[in-house]
Visitor: 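Below are the structure tokens for one structure; questions will follow.
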Amino acid sequence: MIDQTVFNNKKAAYYTLGCKLNFAETSTIGKLLAEQGVRKVRPGEKADICVVNTCSVTELADKKCRQAIHRLVKQHPGAFVVVTGCYAQLKPGDVAKIKGVDVVLGAEQKGDLLQYLGDLHKHEEGEAFTTTTKDIRSFSPSCSRGDRTRFFLKVQDGCDYFCSYCTIPFARGRSRNGTIASMVKQAEEVAAGGGKEIVLTGVNIGDFGKSTGETFIDLIRALDEVEGIARYRISSIEPNLITDEAIDFVARSKRFAPHFHIPLQSGSDDVLKLMRRRYDTALFRHKIEKIKEIMPHAFIGVDVIVGTRGETDAYFEDARAFIESLDISQLHVFSYSERPGTQALKIDHVVDPKTKHARSQQLLDISDRKLHAFYEAHIGQKANVLFEQTRKGGMMHGFTENYIKVEIPYDHSLVNETRQVILEGWNEDKTALVVKIIE
Ligand code: SF4
């Protein structure tokens with residue numbers, strides 16, 4: 001039993017690194033603490049509790065986590081510091097050694113946070129303790145309001161794939177999910193609270209249903225029926241798991257946006273084999289062509305990694321040419337980072353940093369061209385925009401269903417509202433399209 005008085009007048013600071021899933025989970029922790037009366041720290045105030053939700057996708061991510069922890073410990077002297085997330089799960093010993101850290105929680109132990117915080121008084125009395133836990137088998141539901149108008153609904157966690165370069169399955173455990181009924185309930189709660197857009201997140205969301213005997217297509221069919229939600233977006237989904245049936249469904253659904261995010265990782269079949277990915281370039285091309293055939297206006301974002309071990313000049317050239325030939329809208333380019341304990345370390349050919357950088361630049365150039373062409377092709381067309389609350393330089397932003405960023409002078413009455421607009425042309429710095437509202 002927790003002594004509730006330990007939370008009296010307490011303030012918490014939160015810091016999140018990494019993916020949308022982490023942001024969703026930090027938000028759930030924030031809600032949990034808010035229910036106990038712990039409020040979020042205001043700028044300039046000292047926090048009593050610091051929660052750092054970490055990422056471990058690259059070596060750089062690990063470094064940023066350590067820096068963030070040091071920074072928070074310095075900014076909030078004497079605070080009770082809890083570190084959770086993938087880096088905490090993978091390197092609990094390293095995290096525990098950082099001065100000022102009180103508790104290290106495994107990726108799926110965030111729900112136990114209150115139990116640990118129940119010991120806050122011991123901390124205040126100067127007693128030091130660090131707890132490490134490694135249970136990564138359960139599924140903690142989480143749905144959070146993002147900084148913007150959209151909500152992130154975690155539908156799945158963990159991964160069974162073990163790609164040769166990736167540590168996420170070690171950090172997050174095996175694939176698991178909540179039930180369709182529980183997801184629908186959370187979406188209904190979002191709608192009841194006035195939320196309009198939900199992004200489905202997870203580590204490998206196409207694997208949804210493995211632990212409940214359900215399927216991803218049934219999940220999206222059920223969510224599509226929730227009244228009040230204007231839009232859903234499907235975050236990153238593996239190419240071999242986005243079925244043709246699911247693509248057909250999105251095309252005729254009431255609420256799923258024509259917006260896809262599909263990791264390719266390499267456009268060379270040889271490199272895909274080294275990466276132990278579960279598809280080849282022919283399958284990937286088929287998915288892109290299928291989407292574009294029935295939704296020519298669909299936005300397709302694609303993740304790629306450059307400089308993986310084994311990516312020779314010839315393989316990179318294959319990859320570059322393949323990527324160039326795809327009808328996609330944007331690339332998210334990542335530089336390969338060596339991760340201890342991965343199978344990729346057994347591959348001999350190592351790409352030097354200079355070559356990695358040059359390859360990354362080439363792909364970023366392709367991405368810029370493709371994104372520019374995608375926006376350009378929509379100028380003069382009508383679109384539905386959901387406006388967001390951020391205000392910058394007197395302007396507000398929103399996104400069309402197919403993820404084109406638009407800009408308009410700030411008008412508070414438009415926040416979280418959908419309007420039909422005409423996409424008139426580029427803004428000054430060519431980062432968004434300016435629009436005229438027609439309905
Ligand atoms: Fe990592 Fe591959 Fe699973 Fe993605 S699919 S989380 S890259 S192991």
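Ligands are counted one by one from 1 in listed order, and the atoms in each one are counted from 1 as well.
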Visitor: For Val203, counting its heavy atoms only, list the atoms of ligand 1 lying under 4.0 Å from any of them.
Guide: 6 (S)
Visitor: Which protein N, O or S atoms lie under 2.8 Å from atom 2 (Fe) of ligand 1?
Guide: Cys163 SG
Visitor: Would you check if Asn53 and Tyr15 make a side-chain contact, meaning some heavy-atom pair closer than 4.5 Å?
Guide: no
Visitor: Would you mind reporting whether Ile237 and Phe216 have side-chain heavy atoms less than 4.5 Å apart?
Guide: yes
Visitor: Would you mind checking if Glu189 and Lys185 are paired as a salt bridge, meaning a charged N to carboxylate O distance below 4.0 Å?
Guide: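 Yes, this pair counts.
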Visitor: Please list the nearest protein heavy atom to atom 7 (S) of ligand 1 with its residue and the distance rounded to 0.1 Å.
Guide: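 Protein heavy atom with the smallest distance to atom 7 (S) of ligand 1: Tyr165 OH, 3.4 Å.
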Visitor: Before accepting this row, confirm whether a basic side-chain N of the pair Asp160/Lys210 lies closer than 4.0 Å to the acidic partner's carboxylate O.
Guide: yes
Visitor: Does a side-chain N-to-carboxylate-O contact under 4.0 Å join Arg369 and Glu324?
Guide: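 Salt bridge between Arg369 and Glu324, a charged N being under 4.0 Å from a carboxylate O: yes.
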Visitor: Would Arg309 and Asp348 pass as an ion pair if we require N to O under 4.0 Å?
Guide: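 No, this pair does not count.
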Visitor: With the threshold set at 4.0 Å, does a side-chain nitrogen-carboxylate oxygen contact exist between Arg172 and Glu25?
Guide: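 Glu25 and Arg172: salt-bridged.
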